[in-house]
Each structure stands twice: as structure tokens, then as C-alpha cells.
Protein chains: 2
Amino acid sequence: MTQLDDFDRAILRILQQDNRTTQHKIGEAVNLSAPSVQRRIRRMEAEGVIRANVAVVDPAAVGLQLTIFVELELVSETPDEIDAVKKSLLNAPEVQQCFYVTGEVDFMVVVVVESMAVYEDFTRRMFFENGNIRKFRTFVSMDTIKSGSALGF
Amino acid sequence: MTQLDDFDRAILRILQQDNRTTQHKIGEAVNLSAPSVQRRIRRMEAEGVIRANVAVVDPAAVGLQLTIFVELELVSETPDEIDAVKKSLLNAPEVQQCFYVTGEVDFMVVVVVESMAVYEDFTRRMFFENGNIRKFRTFVSMDTIKSGSALGF
DNA sequence: GATGAAAAATCCGCATA
DNA sequence: TATGCGGATTTTTCATC
């Protein structure tokens with residue numbers, strides 16, 4: 001992966017806030033021509049620096065009212081077992097984010113669902129019926145203070 | 001906020017994966033004309049259903065290698081104290097996500113930084129020098145299994 | 001909600017440093 | 001290798017039905 005220069009970083013900073021900013025406007029902001037901006041964006045997309053271009057949707061608007069953090073502890077931590085858990089979490093549409101972490105727990109999972117009833121059903125399917133889950137702790141979000149993938153740099 | 005219909009939801013589902021999909025292609029996919037698609041998108045943006053349009057950047061590419069979960073417990077939970085903590089977290093560029101949660105802890109915070117040294121500096125500034133933080137627990141991500149704001153609906 | 005024309009943005013070749 | 005310019009193509013936008 002090529003090293004990013006200051007132009008690239010300046011472009012990314014704009015795109016992370018609004019990727020519908022025109023190349024012309026970006027060019028003005030960073031002192032580059034529009035085609036140059038577009039070539040850089042294209043290159044960063046090809047290299048995976050820009051992973052995706054997405055609309056951020058208000059979860060409440062689509063009926064998903066609850067954001068829930070779950071700490072997962074496994075019984076067995078062999079690579080195969082870990083992979084199996086990863087895979088099941090990856091495939092669950094309720095799972096919005098999932099990280100394998102160091103420390104007292106094994107996974108941190110962010111689940112977004114319509115209601116507690118749906119969450120309870122989710123835990124039953126994913127955790128209680130999975131012999132490899134030692135325990136899990138649930139933290140329900142009451143207030144979203146900040147929710148971004150905007151990286152401050 | 002107006003209720004969303006099936007067309008709106010179908011459009012959102014596409015936009016959450018790739019908001020550069022042309023209105024024409026979206027129209028084909030959902031059986032609507034391009035201008036219709038565009039009016040719906042415009043309306044949902046105005047209503048806040050679509051919160052933003054952003055590029056998702058690979059943190060590693062911009063030198064941010066570490067994703068860290070932090071559980072925060074406060075000493076005092078008066079509304080003023082909670083607000084003060086919220087505000088300081090909101091303004092910290094290292095904080096990518098932050099939720100006020102129920103349960104044994106008060107806040108779940110997702111921090112993204114270059115290195116452990118930077119994180120330690122962050123904890124000193126934000127937690128140790130803040131008299132209202134009773135304790136915090138750190139979970140460092142070793143592997144990002146899933147990282148999306150793509151809501152499965 | 002659909003159609004079609006105008007406006008705007010993106011994309012591409014070419015010349016250049 | 002990367003930039004800027006100009007024009008072709010595509011996409012968005014807007015008026016009308």
C-alpha cells in the first residue's frame with residue numbers, strides 16, 4: 001500500500017464528513033485540480049484505503065431502537081472454536097460490529113435490534129444454544145453520545 | 001418524521017452498502033424511476049433518516065492501528081456530572097463512538113489511536129485527571145471481525 | 001410517479017514538468 | 001510518476017405531464 005501524502009489525508013478528511021462533496025470543491029479546498037482529486041480518490045479506493053462509501057442511517061428511523069454492547073467469554077479458545085464464533089457473529093444481521101479483544105473477555109459485540117424481545121431471542125439463538133459461550137454481559141445504550149467512523153486526524 | 005415505506009427501505013439498504021450507486025440503478029433495483037428515487041433520498045436526508053454520506057476509511061491506512069473499548073464507571077451520576085463527561089468524550093478526537101449505558105458500567109467508549117503510548121496519554125488526560133472517573137477497563141481489539149453501520153433489515 | 005431536457009459532475013486522453 | 005487542461009460521457013436536477 002502506497003504511503004499517503006498530505007493531499008491524500010486532506011481529501012480523506014473531507015470525504016469522511018461528506019463523500020458527496022464534488023471533486024471541484026475538494027480541489028479548491030486542498031489546492032488541486034478536480035481530475036487530480038479524482039485520480040487520488042480512485043487510487044485510494046483501489047488500494048482499500050477507502051473501504052466503502054455509505055449512507056449513515058438513523059437506526060431509530062428504520063425501527064431499530066436499541067443499541068446493545070455484549071461482552072462475550074468463550075469456554076474454549078482454540079483457533080477453530082474462535083473461528084466458529086467469529087463466523088456466526090459475522091453472519092448475524094443483528095451484529096453491527098464485532099471485535100476480538102484482549103483482556104477478561106474474548107469478544108466485544110455491538111448489536112442493533114428493534115426491541116428487547118428481539119435481543120432476547122438473539123441471545124437464545126447465538127449464546128444459550130452455543131455450548132462454547134461461557135458467559136455474556138449486556139449493556140443497553142440509553143444515549144448515543146457519539147457514533148461515527150470519522151477518524152480524527 | 002414520515003413513516004418509511006418499502007421503497008424507502010429498499011433504497012436505504014442499497015445506500016448503506018454503496019451510496020455512489022446511481023439513482024438510475026437504484027430505480028431499476030426497486031422498480032422506480034430515477035427522479036422518484038432522488039426525491040425519496042432528498043426527503044430522507046431532510047428528515048434526518050439519512051444522517052450523513054461518508055467514506056469509510058481503513059484506520060490502519062491513516063496510521064491509526066488500535067481500536068480500543070473502554071468501560072467507564074463514574075463516581076457521581078448527577079445529570080451535571082454525566083453531562084460534563086459526555087461533553088469531554090464528545091470533543092475528544094480519539095473517541096470514535098460513545099454510549100451511555102445501563103448496567104454495571106456507565107459509558108462504553110470506542111477509542112481509535114496510533115499506539116498504546118497515545119492511548120496511555122489519552123487515559124491520563126481523560127480519566128486519571130478527571131476526579132469523577134471511578135474506574136475504567138480497557139479491551140484492545142486484536143481483530144476486527146465486523147465493522148459496519150450497515151443495519152440488517 | 002414518469003418523461004425528457006438542462007445543468008452539473010465525473011471521467012478520459014493528451015500535453016507537460 | 002503526477003499534474004493540469006479541455007472535451008466527452010454520465011449523472012443529477014428540474015419542469016411538465
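Protein chains get the first letters and strands the later ones, always in sequence-line order, with residue 1 at the start of each.
Among the protein residues, A:Q23 comes within range of the sugar-phosphate backbone only, with heavy atoms under 4.0 Å from sugar or phosphate atoms but none that close to a base. Among the atoms of the strands shown, base atoms are found under 4.0 Å from some heavy atom of B:S33. Among the heavy atoms of the strands, none lies under 4.0 Å from A:R43.
Distance A:R42 CZ to D:dT3 C1': 16 Å, rounded to the nearest Å. If you take CG of B:N19 and C1' of D:dT11, they are 14 Å apart, rounded to a whole angstrom. Across the protein-nucleic acid pair, A:K25 atom NZ and D:dT12 atom P stand 17 Å apart, rounded to whole Å. D:dT3 atom C1' lies 17 Å from atom NE2 of A:H24, rounded to whole Å. What separates CG of B:D6 from P of C:dG1 is a distance of 13 Å, to the nearest Å. Note: CZ (B:F7) to C1' (C:dA2) measures 13 Å, nearest angstrom. Taking atom CD1 on B:I26 and atom C1' on D:dT12, their separation rounds to 12 Å, with Å as the unit. Atom CG of B:L15 and atom P of D:dT12 are 10 Å apart (whole Å).
At the phosphate of D:dT3, OP1 or OP2 sits under 4.0 Å from a side-chain N or O atom of A:R40. Under 4.0 angstrom from either OP1 or OP2 of D:dA2 there lies no side-chain N or O belonging to A:S36. Residue A:R20 places no side-chain N or O under 4.0 Å from the OP1 or OP2 atom of D:dT11. Dashed line: the shortest gap from a side-chain N or O of B:Q38 to OP1 or OP2 of D:dT13 is under 4.0 Å.
Paired with A:I50 under the rule side chain to side chain contact (heavy atoms under 4.5 Å, CB included), one option of A:I11, A:N19, A:L15 passes, and it is A:L15. The side chain to side chain contact (heavy atoms under 4.5 Å, CB included) test with A:F107 is passed by exactly one of A:V95, A:V101, A:V85: A:V85. Checking A:E114, A:R125, A:M126 one by one against A:E94, the side chain to side chain contact (heavy atoms under 4.5 Å, CB included) holds for a single residue, A:R125.
The two residues B:E81 and B:S76 have their closest heavy-atom pair at CG-OG, 3.3 Å.
Note: B:F127 and B:F136 have tilted aromatic rings, judged against thresholds of 30 and 60 degrees for the angle between ring planes.
In the interface, the side chain of A:R39 is paired with the base of D:dG4 through a donor and an acceptor atom under 3.5 Å apart.
Relative to the side chain of A:P35, the nucleotides C:dT3, D:dG6, D:dT3 differ in distance, and D:dG6 lies closest.
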